[in-house]
2 protein chains.
Amino acid sequence: MVTSTIPEACCTLDIAGENQKKLITMFKALGNPTRFEIIKFLVTHPGCITGDIVGFLPIAQATVSQHLKVLRNAGFIEGTVTGAATSYCLHEENIDWFRSKVGDIF
Amino acid sequence: MVTSTIPEACCTLDIAGENQKKLITMFKALGNPTRFEIIKFLVTHPGCITGDIVGFLPIAQATVSQHLKVLRNAGFIEGTVTGAATSYCLHEENIDWFRSKVGDIF
DNA sequence: TATATCCATCGTATTTTTACGATAATTGTA
DNA sequence: TACAATTATCGTAAAAATACGATGGATATA
């Protein structure tokens, strides 16, 4: 019988629970080509409205709206209703948190 | 008629093509709870073998192997065959690239 | 050589994601 | 008040991801 010994833990990593869940949701949100394009567009065009993104991307308005919702729920973006339109910006605080956590892991 | 003007680009962002594709694949790989746990385990237990991960996680060996393949293809990990076993480590160079690109975007 | 160990791959069922058209809700304008 | 503009949501079809048992190939051991 061979009892395979798990190598010693070389360090600890205090990411768990809700923080981990949140982080995974953010990774998942970025792991889609369309959503990544939306993020890129928002980085270079802060404050643009949904229609601008719809005009920029080759996909239906309903689909863009759905992706914006995913990005909002993940915490990457923030929408501000102005009249009939909604303008979007990156959520800097959450993005700082994200970058910080990526640094913690790797 | 209202011609919505797209806000001026406030900056450029030179992520595109294959680099972008690679990056999205890496985000997608991390955006799954099981794969994230595997990465965490490898961070704290470098050099462990597939069986160690199977013993650690509450999922079938075939599923673990499948997730390891995704992480390998994404470039996060490297497998070294030693006898009948395969030991895994993080791919430091690709991880450095990943962290650097995250910094470029945000 | 037979046998056990370790792991990747195959085939498949289930769940989740993605994209779309249609529709409704809200705001501004004639 | 009617109407156009803007966007979110609903229902649904198609594609992708996920998990599993079974199997096969490679290595070590009796």
Side-chain angles (χ1 to χ4, degrees), chain A residues 1-7 21 24-39 41-42 45 47-89, chain B residues 1-7 21 24-39 41-42 45 47-89:
Chain A
M1 185 188 65
V2 179
T3 39
S4 129
T5 309
I6 300 180
K21 218 166 144 185
I24 290 170
T25 300
M26 295 182 92
F27 281 130
K28 183 142 89 173
L30 291 181
N32 170 277
T34 299
R35 285 194 294 267
F36 192 85
E37 282 294 343
I38 292 176
I39 289 290
F41 191 77
L42 285 177
H45 301 82
C48 71
I49 66 174
T50 306
D52 297 331
I53 303 172
V54 172
F56 174 67
L57 295 175
I59 60 179
Q61 179 267 321
T63 309
V64 170
S65 198
Q66 201 172 349
H67 282 305
L68 286 171
K69 186 177 184 179
V70 172
L71 290 171
R72 242 186 298 122
N73 290 341
F76 276 114
I77 66 176
E78 235 175 348
T80 309
V81 177
T82 329
T86 305
S87 69
Y88 282 96
C89 278
Chain B
M1 184 188 70
V2 179
T3 41
S4 129
T5 309
I6 299 181
K21 218 166 145 186
I24 291 171
T25 301
M26 295 182 93
F27 281 130
K28 183 142 88 172
L30 291 181
N32 170 278
T34 299
R35 285 194 292 268
F36 192 84
E37 283 294 341
I38 292 176
I39 289 291
F41 191 76
L42 285 176
H45 300 83
C48 72
I49 66 175
T50 306
D52 297 331
I53 302 172
V54 173
F56 174 66
L57 295 175
I59 59 179
Q61 180 266 321
T63 308
V64 170
S65 199
Q66 201 171 349
H67 282 304
L68 286 171
K69 186 178 183 178
V70 172
L71 290 171
R72 241 187 299 121
N73 290 342
F76 276 115
I77 67 176
E78 235 175 348
T80 308
V81 176
T82 329
T86 306
S87 68
Y88 282 96
C89 278

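Each chain gets a letter, A, B and so on, in the order its sequence line appears, and its residues count up from 1.
The side chain of A:Thr63 places no N or O atom within less than 4.0 Å of a non-bridging phosphate oxygen (OP1 or OP2) of C:dA19. For A:Tyr88, a side-chain nitrogen or oxygen approaches OP1 or OP2 of D:dA8 to under 4.0 Å.
When each of A:Ile59 and B:Ser87 is assigned the nucleotide of DNA chain C bearing its nearest heavy atom, the one mapping closer to the 5' terminus is B:Ser87.
Distance CG (A:Leu68) to P (D:dT9): 11 Å, rounded to an integer number of Å. Across the protein-nucleic acid pair, A:Ile49 atom CD1 and C:dG28 atom P stand 13 Å apart, rounded to whole Å. The NE2-P distance, from B:His67 to C:dC7, rounds to 17 Å in whole Å. Separating the CD atom of B:Glu37 from the P atom of D:dT18 is a distance of 15 Å, rounded to the nearest angstrom. Summarising the geometry, the separation between CD on A:Gln66 and P on C:dT18 is reported as 8 Å, rounded to the nearest angstrom.
A:Ala62 comes within contact range of at least one nucleobase, with a heavy-atom separation under 4.0 Å. Among the atoms of the strands shown, only primed sugar atoms or phosphate atoms (P, OP1, OP2) are found under 4.0 Å from some heavy atom of A:Thr86. Residue A:Thr50 is classed as a sugar-phosphate contact, given heavy-atom separations below 4.0 Å to backbone atoms only.
Nearest heavy-atom pair across B:Gly47 and B:Ser87 is O-CB, 3.2 Å.
Remark: B:Glu37 engages A:Gln20 in a side chain to side chain donor-acceptor pair (under 3.5 Å) (not counting sequence neighbours). With sequence neighbours left out, the ring pair (Phe, Tyr, Trp, His ring centres under 6.0 Å) criterion links A:Phe76 to A:Phe98, B:Phe106. Listed by chain and residue number, A:Arg72, A:Asn73 satisfy the side-chain contact (heavy atoms from CB on, under 4.5 Å) test with A:Lys69 (two or more places apart in sequence, or in another chain). Under the rule for a side-chain contact (heavy atoms from CB on, under 4.5 Å), the partners of A:Thr50 that lie at least two apart in sequence or sit in another chain are A:Val54, A:Val64, A:Leu68, A:Thr86, A:Tyr88. Taking B:His67 as the reference, B:Arg35 meet the side chain to side chain donor-acceptor pair (under 3.5 Å) condition, with sequence neighbours excluded. With sequence neighbours excluded, the residues that form a ring pair (Phe, Tyr, Trp, His ring centres under 6.0 Å) with A:Phe41 are A:His45, A:Phe56.
For the contact set between residues 69-83 of chain A and DNA chain C, defined by any heavy atom under 4.0 Å, the members are A:Gly83. The stretch residues 24-34 of chain A does not touch DNA chain D, since none of its heavy atoms comes less than 4.0 Å from the strand.
Taking every side-chain heavy atom of B:Gln61 into account, C:dA8 is the closest of D:dA5, C:dC20, C:dA8. Distance from the side chain of B:Ala85 is smallest to C:dC6 among D:dT18, C:dT18, C:dC6. Considering only side-chain atoms of A:Ala60, the nucleotide from C:dC20, C:dC6, D:dA19 that sits closest is C:dC20. Here the side chain of B:Arg35 is nearest to one of C:dA19, D:dT18, D:dT6, namely D:dT18.
At least one side-chain heavy atom of B:Cys48 sits under 4.5 Å from a side-chain heavy atom of B:Leu42. Within the 4.5 Å cutoff, side-chain heavy atoms of A:Thr34 are placed close to those of A:Ile59.
Evaluation of the side chain to side chain donor-acceptor pair (under 3.5 Å) test over residues 76-85 of chain A, restricted to residues two or more places apart or in two chains, returns none.
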